[in-house]
Amino acid sequence: MKIQLYNTLSRKLETFTPISGNEVKIYSCGPTVYNYAHIGNLRTFIFVDILRRIMDYSGYEVSHVMNITDVGHLSGDDDSGEDKMLKSSRESGKTVWDIAQYYTEAFFRDTDSLNIIRPHTACRATEHIQEMIDLIRKLEEKGHTYTAGGNVYFSIDTFPEYGKMAGLKLDDLQSGARIKIDSSKKNPKDFVLWFTNSKFENQVMIWDSPWGKGYPGWHIECSAMSMKYFGSHFDIHCGGTDLINIHHTNEIAQSEAATGNKWVNYWLHGEFLIDESGKMSKSKGDSLTLSYLVERGYDPLDYRYFCLGAHYRSQLQFSFNALDAAKNARLNLKERIRLIKEKCDKQPSLSEGSISDSGKNYLNVFNEHIGKDLNISRGLADLWQIVKDMLLSDQEKLFLLTKMDSVFGLSLLNTEKEDFGDITQEIELLINERVDARTEQNFSRADEIRDILQKMGIEIKDTPAGTTWRKKV
RNA sequence: GGCGCCGUACCCAAGUGGUAAGGGAGAGGUCUGCAAAACCUUUAUGCACCGGUUCGAAUCCGGUCGGCGCCUCCA
């Protein structure tokens, strides 16, 4: 199966070819764990998950590494900003280590509930300080660094290709347009590799280094960790679109300056989720979290479905209206699939070889769609078409759906419990009573019971096979 | 100030040169004691606006208006 990816490096669609045989090495930028992830953050992780699932689906051997940024980083460029971990620690009364642990667990709870497959390796920055120090040393040996004001900086003037991915024209950049420039820097775009002499009280996240006690700059962790797990050259690096200009630009500079060779072949960036006021950000304070959606009665997979409706490189407009639409769509889809499953119940399942031409065609079209820069929303449309196809056998539908859902990750075949709730005794009694009333043609009582159940949030369905119910959407 | 993206029906959106995917919502129908659910049908001569290129444009080019992002930390 051919896979084309839009590479930020070239700003073009490129056909994907792995560096080594059938292996695909994916590094994705992970969460900063000083707060809950908001649903905008999670959109990017869903995008990475789709990428990974499509690679798996295509038969590649994927290894996926993701960092956990548990080192506090400054909110400003000039050393005057506040350390976010410390801030969070001060506000909650917990230690920075507890904070990191707590939010890391919260992050994985969220991603698990979104059916996001966990990376093979999730590596904490704080557990790779030595690797970072080693990398900085290498850069130092090659003359790419200088020390000023107690910090070790990367000197971008020693790396002529600086900014090539972002297309930055250095002279045109208005550095300091929004923030004060660190006066120790030789070039405003230089960045810190290692901070020493923390000015923060109670700074506990400090380590010994050749340059003194301190802590690493933000960018170095991804370079150091990806090289540790993947070596100096790997296939795909992805993250949010905001990382292009600074974070990934700096990562490329320090990585390629250290090794002297190309670091990453394909760079993929996911666009933002926005709401009426624009992009969501942690610094806005109260932000939309997944658990808030759950409190409001949504299933995490409603949000996943919502995200699959748009291409990863388009901004997606969030609203509860749109989320409701996704929720309805997902439940409708599952109901249809439940019926298909029911009808196939006693029949033997199909194998790849016994698929009809029509089925094969669906699969080819689907593969073509998702292979073209992960066009998952087009793939979803393909899936709907299969579900609604009146000529395709149910068995075949089931086969195709199962295969395709390995890419969507929507648990579409899980139709048993989730949406239909636990049968409570009360509901069952009422339903039985209503069935009796209807048999006796006592329709006023039957309608009365239906109203009662309605108020309890239960929806009644009278089918030829009997009365069923489900929780109201 | 520099760079980039976007503007498609009531809503979310796909489509980037060959005559508008999909979903939600709405409407009509079948079914039903009535409903609900389910199922079927239906909903943009039109893709912000103006001009141009082309046999042909939502798609390419130029302009106008509007929205968003990046150039601090950020998904």
Side-chain angles (χ1 to χ4, degrees), chain A residues 11 28-32 37-48 69 73-78 80-84 163 166-169 171-182 188-189 218 238-247 249 269-274 277-284 305-306 308-311 313-319 321-330 332-333 335-336 339 369 375-385 388 390 438 441-444 446-447 450-451 453-454 459-464 467-470 472-473:
Chain A
R11 311 274 163 157
S28 62
C29 277
T32 47
H38 58 66
I39 59 175
N41 298 128
L42 293 170
R43 181 187 181 199
T44 300
F45 295 103
I46 291 173
F47 139 61
V48 174
T69 302
H73 289 297
L74 302 178
S75 56
D77 181 58
D78 67 343
S80 68
E82 193 166 21
D83 180 296
K84 289 176 177 176
L168 302 180
K169 285 178 233 135
D171 295 343
D172 292 343
L173 282 173
Q174 223 177 26
S175 281
R178 291 164 66 198
I179 53 146
K180 199 173 104 199
I181 298 167
D182 180 348
K189 301 302 289 176
W218 176 43
C238 42
T241 178
D242 56 314
L243 301 178
I244 297 170
N245 282 297
I246 301 293
H247 186 50
T249 289
H269 293 95
E271 253 300 344
F272 278 134
L273 179 79
I274 56 173
S277 63
K279 98 171 180 177
M280 302 185 179
S281 83
K282 287 183 183 179
S283 52
K284 270 187 193 170
Y305 189 100
F306 169 73
L308 299 193
H311 189 89
R313 282 194 292 114
S314 306
Q315 287 181 345
L316 176 58
Q317 183 88 31
F318 178 83
S319 67
N321 233 342
L323 187 61
D324 283 335
K327 174 182 181 165
N328 286 338
R330 189 181 72 87
N332 287 161
L333 185 59
E335 178 64 12
R336 282 172 184 262
L339 293 172
H369 284 149
N375 194 340
I376 200 71
S377 52
R378 198 54 206 246
L380 246 195
D382 296 335
L383 180 119
W384 273 96
Q385 223 183 326
K388 292 164 88 168
M390 303 182 70
R438 289 181 75 223
Q441 306 230 320
N442 183 359
F443 296 122
S444 60
D447 291 348
R450 188 169 62 203
D451 287 345
L453 289 167
Q454 192 85 249
E459 206 164 60
I460 292 292
K461 298 193 274 186
D462 296 323
T463 72
T467 299
T468 61
W469 62 277
R470 72 170 183 182
K472 223 167 36 179
V473 177

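Residue numbers begin at 1 in each chain, while the letters A, B, ... track the order of the sequences.
Using a 4.0 Å heavy-atom distance criterion, A/S314 is classed as a sugar-phosphate-only contact. Nucleic acid contact for A/H311: sugar-phosphate only, since backbone atoms but no base atoms lie under 4.0 Å from a heavy atom of the residue. Contact annotation for A/G239: backbone-only contact, meaning every heavy-atom pair under 4.0 Å involves sugar-phosphate atoms and none involves a base. At a threshold of 4.0 angstrom between heavy atoms, the contacts of A/F45 with the nucleic acid are absent. A/L383 comes within 4.0 angstrom of no nucleic acid atom, judged by non-hydrogen atoms across all strands. Across all strands shown, A/L333 has no heavy atoms under 4.0 Å from either base or sugar-phosphate atoms.
One P atom belongs to B/C61, the other to B/G22, and the distance between them is 28 Å to the nearest Å. B/C65 and B/C50 are spaced 10 Å apart, taking the C1' atom of each and rounding to whole Å. When the P atom is compared between B/C49 and B/G7, the two are found 13 Å apart, to the nearest whole Å. Nucleotides B/G69 and B/A75 have their P atoms positioned 16 Å apart, rounded to a whole Å. The same atom, C1', is picked in B/C60 and in B/G66; the two are 22 Å apart, to the nearest Å.
In this structure, A/I244 places its CD1 atom 10 Å from C1' of B/C5, rounding to the nearest Å. Rounded to whole Å, the distance from CD1 on A/I246 to P on B/U72 is 5 Å. The CD atom of A/Q441 sits 14 Å away from the P atom of B/U32 (whole-angstrom rounding). Atom-to-atom, CG of A/D242 to P of B/G4 comes out at 18 Å; the value is rounded to the nearest Å. Atom CG in A/N245 sits about 6 Å away from atom C1' in B/C71, given to the nearest Å. When rounded to the nearest whole Å, the span between CD of A/Q317 and C1' of B/C5 equals 14 Å. Spacing between atom CG of A/N442 and atom P of B/C34 amounts to 16 Å, rounded to whole angstrom units. Between A/E271 atom CD and B/A13 atom P there is a gap of 12 Å when expressed in whole angstrom units.
Of the two residues near RNA chain B, A/R450 and A/L316, the one whose nearest nucleotide lies more 5' is A/L316.
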Exercise for the section: Start with the C-alpha distance between A/R378 and A/H311, add both sets of side-chain angles, then the distance that settles side chain to side chain contact (heavy atoms under 4.5 Å, CB included), and finish with yes or no. Expected result: CA-CA 9 Å; A/R378 198 54 206 246; A/H311 189 89; over 6 Å; no
Problem - A/F306/A/L316 under side chain to side chain contact (heavy atoms under 4.5 Å, CB included): CA gap, chis, key distance, verdict - result: CA-CA 9 Å; A/F306 169 73; A/L316 176 58; 3.4 Å; yes
Exercise for the section: Test A/Y305 against A/L333 for side chain to side chain contact (heavy atoms under 4.5 Å, CB included), laying out the working first. Expected result: CA-CA 11 Å; A/Y305 189 100; A/L333 185 59; 4.1 Å; yes
Practice task
Applying side chain to side chain contact (heavy atoms under 4.5 Å, CB included), run through A/F318 and A/I274 and close with a yes or a no.
Solution key: CA-CA 6 Å; A/F318 178 83; A/I274 56 173; over 6 Å; no
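An OP1 or OP2 oxygen of B/A75 is reached within less than 4.0 angstrom by a side-chain nitrogen or oxygen of A/N41. A/T241 has no side-chain polar atom (N or O) that falls below the 4.0 Å cut-off from OP1 or OP2 of B/C5. Residue A/K189 has a polar side-chain atom (N or O) positioned under 4.0 Å from OP1 or OP2 of B/U72.
With rounding to the nearest 0.5 Å, the separation of CZ in A/F45 from SG in A/C238 is 9.5 Å. The distance from the CD1 atom of A/I39 to the CG atom of A/L323 is 7.5 Å, given to the nearest 0.5 Å. A distance of 9.5 Å separates CZ of A/R313 from CD of A/E271, quoted to the nearest 0.5 Å. How far CD of A/E335 is from CZ of A/R330: 12.5 Å, rounded to the nearest 0.5 Å. Here the straight-line distance linking atom CG of A/L453 with atom CD1 of A/I460 works out to 4.5 Å at 0.5 Å rounding.
Under 4.0 Å is where a charged nitrogen must lie from a carboxylate oxygen, and between A/K327 and A/D324 no such pair does.
Among the nucleotides B/A13, B/C70, B/C68, the one closest to the side chain of A/I274 is B/C68.
Secondary-structure annotation of RNA chain B gives the stems B:1-7 with B:65-71, B:10-12 with B:22-24, B:26-30 with B:38-42, B:48-52 with B:60-64, with a stem taken as at least 3 successive Watson-Crick or G-U pairs whose two distances both fall under 3.5 Å.
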Atom pairs, N/O to N/O, protein against nucleotides 21-25 of chain B, distance under 3.5 Å?
residue, atom, partner, partner atom, Å
B/G23, OP1, A/K388, NZ, 2.6
B/G24, OP1, A/N332, OD1, 2.8
B/G24, O3', A/N328, ND2, 3.4
B/A25, OP1, A/N328, ND2, 3.4

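A donor N or O paired with an acceptor N or O is not found under 3.5 Å between the base of B/A75 and the side-chain atoms of A/R43.
Using a distance-only test at 3.5 Å, with no hydrogens or angles considered, a donor-acceptor pair links the side chain of A/N41 to the main chain of A/H38.
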